[in-house]
Amino acid sequence: MPTPFVRVTPSSVEDLRRPTNAPLFASPIPLRSFRRGGIRDRTACRSSALLVGRRGLAKRREGGVSESDTIPPPIRYRMERGNVICQLQSRDGVDLGPKLDLPFDVTPTQLQALVNDMLQSGEPLPYAFYVDGKEVVGELGQFLQEMERSVEETLKIVYQPQAIFRVRPVTRCSGSMKGHSEAVLSVQFSPNGRELASGSGDKTVRFWDLNMQLPKHEGTGHTGWVLCVAWSPDAQWVASGSMDCCIRLWDPKTGSTVGSPMKGHSKWVSVIAWEPAHLCLPSRRFVSGSKDGRLKIWDAITRRCTISLSGHQMAVTCLKWGGDGLIYSSSRDCQISIWDSDEGKLVRQLRGHGHWVNTMALSTEYALRTGAFDHTGTCPKSEEAAKEKALTRYNEARDGKPERLVSGSDDFTLLLWVPMVEKRPKARMTGHMQLVNQVQFSPDGRWIVSASFDKSVKLWDGMTGAFVTTLVGHVGPVYQVAWSADSRLVVSASKDSTLKVWELRSRKLMEDLPGHADEVFSVDWSPDGAKVASGGKDRVVKVWHN
């Protein structure tokens, strides 16, 4: 018995069932019997076509007809007013309902209404639809024609939930904030998107007034370059790491340092990561990584090191504190180590790269960074409610699956891992011609974007690691990338002194943003999606708006 399917019209969903072997092509001869799907009928049709050909040949020999009158025209797909048999699938490959007989003029809006009706969701949600990894933008028939896609087999359409809000692309520089006397090495927005901190080679941390676009506070105390700044998930602390081997805590409301510097590393501190809000609120613990190859977990209240982690043989390049309480560290020793944050034990080591591991990203990173703050920057007032909301947002980002980790290396490759499932990488992603400088998961965890010294930005499938496209436009090495909160836009910063905004749907350059006088070292998109901040060698922090 053939698998039944449901015929769907643009105006309604009807439970009409018929065999799935009905032809989707036009024929020069009547195929009424063929449409019934019998083997004997198909043989008769072929015999009839052969008979027509022989009679035509006899008439042509008698001088009655031309050859073009006897040769049947080629088979053509009925793309104009036909139907196509489709199967809706989630991004995990789970079928949604039976097969559907969809008209070729069906649009994504109608597919969206259909999916919401089949899922019986209380509130309609926006969805994007993909065929063979490409998003369906217009009518389905026109899209299949452009792809030259055969419709003789069941067409698999993957639906992907989208953000309920939409971020507008930044198009102009709304302010150039001067104050640093050396290159700006790090910029980061607070989890609510309302405040901005920057670290510089002038040994200071600065806090900026985003409304007036002027310096708000200047934090002094470091005696070396400030290499990194990191906001706590509750937006109450800022930690900075420096080449003076020290870590300092700052109160962003006053810009003053909290207590004395935290010492313990023997070489400069290059990365800092805070414990997620759903594990501890108010935020209290964070981990630091240094060129001395060690990790240290600190208590922000007592400003003391509680756990020291040794295992790397070379400099620590990146740190991530996962939602399961595990700490991920990458190093120039070509390894990624996973640590238990409570006991300080080494849980697992991931090996696969052939050179320095420069960068990492988690699939749940956006939810971990923003904690209890939503895209509007609001947060419950009570600590219990805030912690519960942070846990809910983390579980939604995780979607019932283990966290995924992506790493980028000097060996020109990316590796996609599921660390809690196996030690071996799920996918090796090749294509870059020079070292990979940064990788980032989209906020919905569906995509991965990578920045490289080969002057390109590449887009990858965040579930499988499959290559999607290359975004070409920069004429210099690309240092950093950042996603918009709705996962629809990407901004990249380059040595060519420009920022570029790329659209995920068209996979093309959307905005070219010149303005910096020299290399752009750091870029960040605010969690509320309203603005982008960038800093570079010209010692200026720029804010960009729509």
Side-chain angles (χ1 to χ4, degrees), residues 185-186 188 199 222 224-231 239-249 261-276 285-300 304-322 325-362 365 368-369 403 405-411 413-415 417 419 423 435-440 479-480 521-522:
L185 305 178
S186 177
Q188 190 178 64
H222 282 297
W225 293 2
V226 180
L227 301 178
C228 60
V229 291
W231 286 83
S240 61
S242 171
M243 290 186 70
D244 61 8
C245 311
C246 296
I247 302 166
R248 284 186 176 270
L249 280 179
M262 290 171 279
K263 301 179 180 180
H265 288 292
S266 58
K267 294 184 179 180
W268 65 58
V269 181
S270 53
V271 283
I272 293 174
W274 284 85
E275 186 176 18
R285 295 197 302 168
F286 64 92
V287 61
S288 62
S290 168
K291 192 182 178 183
D292 61 13
R294 295 185 178 184
L295 286 72
K296 292 184 179 295
I297 299 177
W298 305 84
D299 189 314
R304 292 183 178 180
C305 175
T306 58
I307 302 176
S308 182
L309 308 174
S310 301
H312 287 296
Q313 303 300 316
M314 298 181 69
V316 178
T317 56
C318 190
L319 287 175
K320 300 296 176 183
W321 199 317
L326 299 176
I327 297 174
Y328 303 85
S329 63
S330 64
S331 170
R332 290 184 178 180
D333 60 10
C334 310
Q335 297 181 10
I336 298 172
S337 297
I338 306 176
W339 312 83
D340 186 295
S341 61
D342 294 326
E343 299 182 2
K345 294 181 179 179
L346 179 64
V347 176
R348 182 169 291 182
Q349 285 186 319
L350 307 178
R351 296 182 176 91
H353 285 294
H355 211 298
W356 297 351
V357 185
N358 299 322
T359 177
M360 297 185 299
L362 287 170
E365 193 163 331
L368 298 177
R369 172 188 174 181
E403 288 178 321
L405 178 75
V406 63
S407 57
S409 169
D410 266 26
D411 62 8
T413 68
L414 290 78
L415 292 180
W417 313 82
K423 293 183 178 181
L435 66 89
V436 180
N437 201 44
Q438 192 185 28
V439 293
Q440 287 287 343
Y479 292 141
Q480 285 195 356
F521 292 142
S522 183

### Task
Determine, step by step, whether Gln335 and Gln313 satisfy the side-chain contact (heavy atoms from CB on, under 4.5 Å) criterion, reporting the C-alpha distance in whole Å, the side-chain angles of both residues, the deciding distance to 0.1 Å, and the verdict.
CA-CA 9 Å; Gln335 297 181 10; Gln313 303 300 316; over 6 Å; no
### Query
If you look at every heavy atom in Trp268 and Leu227, which pair is closest and at what distance?
CD1-CD1, 3.7 Å
### Closest approach of Leu309 to Ile297 (non-hydrogen atoms, all atoms of both residues)
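Distance-wise, the nearest heavy atoms are CD1-CD1, 4.4 Å.
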### Message
Between Asn437 and Asn358, is there a side-chain donor-acceptor contact under 3.5 Å, judged purely by atom types and distance?
### Response
no
Which distance, rounded to the nearest 0.5 Å, do you find between the [atom1] of [X] and the [atom2] of [Y]?
| X | Y | atom1 | atom2 | answer |
| --- | --- | --- | --- | --- |
| Ser308 | Arg294 | OG | CZ | 5.5 Å |
| Ser290 | Leu295 | OG | CG | 9.5 Å |
| Gln440 | Leu362 | CD | CG | 10.0 Å |

Can you find a heavy atom in the side chain of [X] that is under 4.5 Å from one in the side chain of [Y]?
| X | Y | value |
| --- | --- | --- |
| Arg369 | Gln188 | yes |
| Ile338 | Trp417 | no |
| Ser330 | His353 | no |
| Leu368 | Trp321 | no |
| Thr317 | Trp356 | no |
| Gln438 | Thr359 | yes |
| Leu350 | Leu415 | no |
| Val287 | Ser341 | no |

### Those residues that, when tested against Tyr479, pass ring pair (Phe, Tyr, Trp, His ring centres under 6.0 Å) (two or more places apart)
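So Tyr479 forms a ring pair (Phe, Tyr, Trp, His ring centres under 6.0 Å) with Phe453, Phe521.
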### Message
Within the supplied structure, the quantity of interest is the number of heavy atoms (other residues, nucleotides, ligands) at a distance under 6.0 Å from Gln349 CD; does it exceed 12?
### Response
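Atom CD in Gln349 is packed in, count exceeds 12.
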### Query
Looking only at atom types and distance, does a side-chain atom of Asp292 sit under 3.5 Å from a main-chain N or O of Ser266, one as donor and one as acceptor?
yes
### Query
Which of parallel (below 30°), tilted (30 to 60°) and perpendicular (above 60°) describes Phe286 and Trp274?
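The rings of Phe286 and Trp274 sit tilted, inter-plane angle from 30° to 60°.
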### Stepwise side-chain contact (heavy atoms from CB on, under 4.5 Å) check, Ser242 with Arg248
CA-CA 9 Å; Ser242 171; Arg248 284 186 176 270; over 6 Å; no
